[in-house]
Amino acid sequence: MLQRPRRNRKSDAIRQMVQETHVSAANLIFPLFIIDGNNQKTEVASMPGIYRHSVDNLLREVESCLKLGLNAFDLFPNIEESLKDQFATESYRDGSLYLRAIGEVKKNFPEACVITDVAMDPYSSDGHDGIVENGQILNDETLEVLGKMALAHAHAGADIIAPSDMMDGRVEYIRNVLDDNGFTGVSIMSYTAKYASAFYGPFRDALNSAPKFGDKKSYQMNPANQREALIEADLDEAEGADFLMVKPALPYLDVIKLLKDNTELPIAAYNVSGEYAMIKAAIQKGWLNEQRAITEVLTSIRRAGATAILTYHAKEVLENKWL
Ligand code: PBG
């Protein structure tokens, strides 16, 4: 035998020398859930270790993450039912919970990278990402709401706007609104290939944002499709996106790889709530080794081609020094 691949696996020193993929704090984005009130910290039942924070606690949480070298945060609001309406007006109301949270984080920690979510669902009385009329999700009318939301986020101090709604043409629409208002420096991380996935269940529990009727299949992608992701990627790139995102991550590693091979833009992957819930449930049962399972998940998402990973594991892997 001339080739014995095991020679390059014979010691820790050699294994580390030839290791192709690394995950570091700089690659991680921590999603954080926000709730109204003071000194609130309520655990999401289906996401052990993940909480909804009131703004005062959010600041403490961000501070402790920054100390660990975790610098990027994606914020999501849990909105009281009485504030929701058909047009998601709460999403751009001056003084709203979400806008206050963005402003407070940036005021206290200007060095933190704040990513904001643009979509109607947390504020929509229909629980959909767009305006609903006669059971249909309206595309172009929704763009106006998304534009107002994105502009409000930019005014509040957002570094990166992340549209997760999957309406057609929203990246260009939002780019124009931002540029026309002087926010040429605010980035767009587009949810390019966002699939109509079963794995968002725990997130919708966290925000109480599940659709009140039907599903999201008329705007989120069919899990069976790969080539369609290239259409979305071409459009987002042409429309001015700075990052392309694939979501969820683990069941769609092939899509991450496909986009990586077809764009020069950085790829983000969202290791979603259901992926987190699955891993945590198995760990709680004693069926998986926590450190090994979680680091393997993150490494595989990087290996597939993701530059940045949005993951609920971000803080724990740094706290435990698992990377
Ligand atoms: C909503 C949005 C969702 C997630 C991020 N933004 C849920 C959905 O589309 O229903 C899911 C994130 C997760 O599951 O962790 N626009």
Side-chain angles (χ1 to χ4, degrees), residues 28-34 44-52 73-79 84 88 90-91 98 115-132 137 139 142-143 145-146 149-150 153 158 160-168 170-171 174 188-223 232 243 245-252 268-281 297-298 301 306 308-315:
L28 302 179
I29 299 168
F30 195 26
L32 288 169
F33 299 129
I34 308 162
V44 181
S46 48
M47 303 178 74
I50 295 297
Y51 300 85
R52 306 172 191 88
F73 307 92
D74 195 357
L75 308 180
F76 296 96
N78 176 303
I79 302 294
K84 300 183 184 182
E90 178 66 10
S91 67
Y98 195 61
I115 303 169
T116 62
D117 191 70
V118 167
M120 287 176 57
D121 52 328
Y123 319 90
S124 153
S125 44
D126 297 302
H128 274 285
D129 294 23
I131 297 173
V132 178
I137 315 300
N139 192 90
T142 297
L143 297 183
V145 179
L146 301 177
M149 207 184 301
H153 295 180
I160 302 178
I161 306 276
S164 68
D165 54 284
M166 289 302 276
M167 295 301 117
D168 293 334
R170 88 270 210 214
V171 172
I174 290 170
I188 297 178
M189 177 182 282
S190 178
Y191 284 64
T192 298
K194 177 174 181 178
Y195 287 87
S197 170
F199 292 93
Y200 308 148
F203 173 96
R204 294 176 189 173
D205 292 343
L207 299 192
N208 187 24
S209 64
K212 301 279 165 57
F213 71 89
D215 53 43
K216 299 191 175 184
K217 290 179 186 169
S218 77
Y219 43 106
Q220 299 180 347
M221 283 176 55
N222 180 343
E232 292 285 0
F243 292 80
M245 193 197 297
V246 175
K247 176 187 179 183
L250 286 186
Y252 300 89
Y270 201 141
N271 178 216
V272 300
S273 58
E275 298 175 66
Y276 178 88
M278 258 190 325
I279 291 272
K280 286 290 170 185
V297 163
L298 299 180
I301 297 169
I309 307 174
L310 298 99
T311 179
Y312 302 96
H313 298 294
K315 189 179 183 194

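Order of appearance sets the numbers: ligands from 1, and atoms from 1 within every ligand. Counting from 1, the numbers follow the sequence of the chain as shown.
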Heavy-atom contacts with [X] under 4.0 Å: which atoms of ligand 1 show up? List them by number with element.
X: Arg204; result: 8 (C), 10 (O)
X: Tyr270; result: 12 (C), 15 (O)
X: Tyr200; result: 8 (C), 9 (O), 10 (O), 11 (C), 14 (O)

Record the part of [X] in heavy-atom contact with ligand 1 below 4.0 Å; permitted values are side chain, backbone, both and neither.
X: Tyr276; answer: neither
X: Asp121; answer: side chain
X: Ala119; answer: side chain

Tell me the protein heavy atom at minimum distance from [atom], and give that distance in Å.
atom: atom 15 (O) of ligand 1; result: Tyr312 OH, 2.6 Å
atom: atom 2 (C) of ligand 1; result: Lys194 NZ, 3.3 Å
atom: atom 11 (C) of ligand 1; result: Lys247 NZ, 2.8 Å
atom: atom 16 (N) of ligand 1; result: Ser164 OG, 2.8 Å
atom: atom 8 (C) of ligand 1; result: Lys216 NZ, 3.3 Å

Interatomic spacing from NZ in Lys84 to CG in Asp126 - rounded to 0.5 Å: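 Rounded to the nearest 0.5 Å, the NZ-CG separation comes out at 10.5 Å.
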Spacing of Leu143 atom CG and Ile174 atom CD1 [to the nearest 0.5 Å]: 8.0 Å
Tyr270 six-ring face occupied by Lys194 cation (under 6.0 Å, within 45°): no
Ligand 1 to Asp129 polar contact by distance, N or O atoms, under 3.5 Å: yes
Heteroatom proximity flag, Ser273 to ligand 1, N/O under 3.5 Å: yes
Phe33 and Phe76 aromatic ring geometry - parallel, tilted or perpendicular at 30°/60° bounds: tilted
Parallel, tilted or perpendicular: ring planes of Phe30 versus Phe73, cut at 30 and 60 degrees: tilted
Check: Val118 and Arg170 side chains under 4.5 Å, non-hydrogen atoms: no
Flag, side chain of His128 to backbone of Phe213, donor-acceptor distance under 3.5 Å: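 A pair under 3.5 Å: yes.
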Closest heavy-atom pair and its distance - Pro122, Ser209: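 Reported closest heavy-atom pair: CA-CB, 4.2 Å.
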Atom of Ala314, atom of Ile29 and distance for their closest heavy-atom approach: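 Result for this residue pair: CB-O, 4.3 Å.
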Glu275 near ligand 1 by a heavy-atom separation under 4.0 Å: no
